[in-house]
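Keep in mind that what you see is a predicted model, and the values were worked out from it rather than measured.
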Number of protein chains: 2
Amino acid sequence: MNSISNLVDIYRLTNRKITPQRLAIFNVLDSNTDHPTAEEIYEQVKSQIGNVSLKTVYQTLNELESLNQIQIIDVGTGTSRYDPNVNQLHHHLVCQNCSKVKDIELDISGEMLKAFSQNSGEFKIDRVEVVIRGLCEVCLGKGSSKQSEL
Amino acid sequence: MNSISNLVDIYRLTNRKITPQRLAIFNVLDSNTDHPTAEEIYEQVKSQIGNVSLKTVYQTLNELESLNQIQIIDVGTGTSRYDPNVNQLHHHLVCQNCSKVKDIELDISGEMLKAFSQNSGEFKIDRVEVVIRGLCEVCLGKGSSKQSEL
DNA sequence: AGCTAATTAACAATCATTGTTATAATATAA
DNA sequence: TTATATTATAACAATGATTGTTAATTAGCT
């Protein structure tokens, strides 16, 4: 995602208005590595500016995605997560216990893409996404009991 | 997934009853490589035995998953898909145009898992899932216009 | 300051999936 | 082969995430 002031420029240039809601959402996403859900972003925005509607959050997030400023990721936890890291190619580690998502940089070109194209038949590859499931550091330390705090 | 007669045995052994609905669902899944949705399975079962409820289909599919007979996959198309291929390690090709899913066998042990564990920090890896997005053979032939027939 | 288009909030609506419960059907034993 | 216990089914309603609708508000320009 671009810097907030760049986002403001982009919004102005595309005839969009800079509202307190949008600024607060930009702020929550800025340098965020937590892969928050819309609900989580909503809560943080609310604590910043008092009132927003969840609809506005969804709208702005979809907007940011279509402007290629964030990535909407669905790792099968039932809720979309929003990732401002779009400049750097990366993949995701998903904790099977707490559902937290972390970025992981993997070079999947060379060797691996060769293997892919050998087996992909007539399929034209656009993008390769790797999801690694397991237990994160925190949950490893705590045994295997269900817990879900951030 | 085991053969239908094996499934029947497993069901009997676990105090489950063999109903026409369940048999029809087994039948639809048997050797199925289409990664159908619950809705699609429901339609096929209905054409076989006349009446089922969608709830029954979901129930049986969840049951089959907990018996390790099928795999529930979520490739971010908004709906779960059901894959009877569980014996053979594989990954998925997802068409960005028609959402069809195909299996692809990839050996991601050796080289690749080494790279993974180098970068995964304290994360304990359980499973690696690769989703390859792009255009399938059919959609490649038809240009890029939206279409969704099977 | 005033105008206009864009934005927001407060709903209702949707889609996939699961919960509830009364009825029906299977398996088993007499 | 029929009675009985138990499981399964169907027909709902309910849920959770996300999107549609619309009237009221606000940002940005003049």
Could you pull out the protein-nucleic contacts involving nucleotides 10-13 of chain D (nitrogen or oxygen on both sides, under 3.5 Å)?
from   : atom 1 : to      : atom 2 : distance (Å)
D:dA10 : OP1    : B:Gln21 : NE2    : 3.2
D:dA10 : OP1    : B:Asn51 : O      : 3.3
D:dA10 : OP2    : B:Ser53 : N      : 2.9
D:dA10 : OP2    : B:Thr56 : OG1    : 2.9

Find every protein N or O atom lying less than 3.5 Å from an N or O atom of nucleotides 24-28 of chain D, and list the pairs.
from   : atom 1 : to      : atom 2 : distance (Å)
D:dA27 : O3'    : A:Ile18 : O      : 3.4
D:dA27 : N3     : A:Lys17 : NZ     : 2.9
D:dG28 : OP1    : A:Arg12 : NE     : 3.4
D:dG28 : OP1    : A:Arg12 : NH2    : 3.2
D:dG28 : OP1    : A:Ile18 : N      : 2.9

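What separates CG of B:Leu23 from P of D:dT7 is a distance of 19 Å, to the nearest Å. Rounding to whole angstrom units, OH of residue B:Tyr11 and P of C:dA27 are separated by 13 Å. Distance B:Ile49 CD1 to D:dA8 P: 15 Å, rounded to the nearest Å. The separation between A:Glu39 atom CD and D:dT15 atom P is 16 Å, rounded to whole Å. As rounded to whole Å, 11 Å separates atom P of C:dT17 from atom CD of B:Glu40. Distance A:Lys46 NZ to C:dA9 P: 11 Å, rounded to the nearest Å. Protein atom CD of B:Glu43 is 12 Å distant from nucleotide atom P of C:dA16, rounded to whole Å. Between A:Arg22 atom CZ and C:dA9 atom C1' there is a gap of 14 Å when expressed in whole angstrom units.
Between A:Tyr58 and the phosphate of D:dT19, there is no side-chain N or O to OP1/OP2 separation shorter than 4.0 Å. Applying the 4.0 Å criterion to OP1 and OP2 of D:dT19, one finds that A:Asn62 has a side-chain N or O inside that range.
In this structure the side chain of B:Gln96 reaches within 4.5 angstrom of the side chain of A:Arg127, judged on heavy atoms. Put simply, the side chain of A:Val8 does not reach to within 4.5 Å of the side chain of A:Asn6, judged on heavy atoms. Side-chain contact between A:Glu65 and A:Gln71 is absent, with no heavy-atom pair separated by less than 4.5 Å. Contact of the A:Tyr82 side chain with the A:Val57 side chain is not registered, since no non-hydrogen atoms from C-beta on lie closer than 4.5 Å.
A side-chain donor-acceptor contact under 3.5 Å links B:Gln88 and B:Glu105.
Considering all non-hydrogen atoms of both residues, A:Cys136 and A:Lys100 come closest at SG-CE, 4.4 Å.
Of the options A:Val94, A:Val101, A:Asn85, a side-chain contact (heavy atoms from CB on, under 4.5 Å) to A:Ile73 is made by A:Val101 and by none of the others. For the side-chain contact (heavy atoms from CB on, under 4.5 Å) with B:Ile70, the qualifying choice from B:Asp83, B:Ile25, B:Leu29 is B:Leu29, the only one to do so.
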What verdict does the side-chain contact (heavy atoms from CB on, under 4.5 Å) test give for B:Phe123 and A:Ile104, after you've listed the backbone C-alpha separation in whole Å, the side-chain angles of each residue and the deciding distance to 0.1 Å? CA-CA 11 Å; B:Phe123 198 91; A:Ile104 180 173; over 6 Å; no

Stepwise, does the side-chain contact (heavy atoms from CB on, under 4.5 Å) test hold for A:His91 with A:Ile132? CA-CA 8 Å; A:His91 298 275; A:Ile132 306 178; over 6 Å; no

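Ion pair A:Lys124/B:Glu137 not flagged as a salt bridge, since none of the NZ, NE, NH1 or NH2 atoms sits closer than 4.0 Å to an Asp/Glu carboxylate oxygen.
Applying a 4.0 Å cut-off to non-hydrogen atoms, the residues of residues 64-86 of chain B that approach DNA chain C are B:Gly78, B:Thr79, B:Ser80, listed by residue number.
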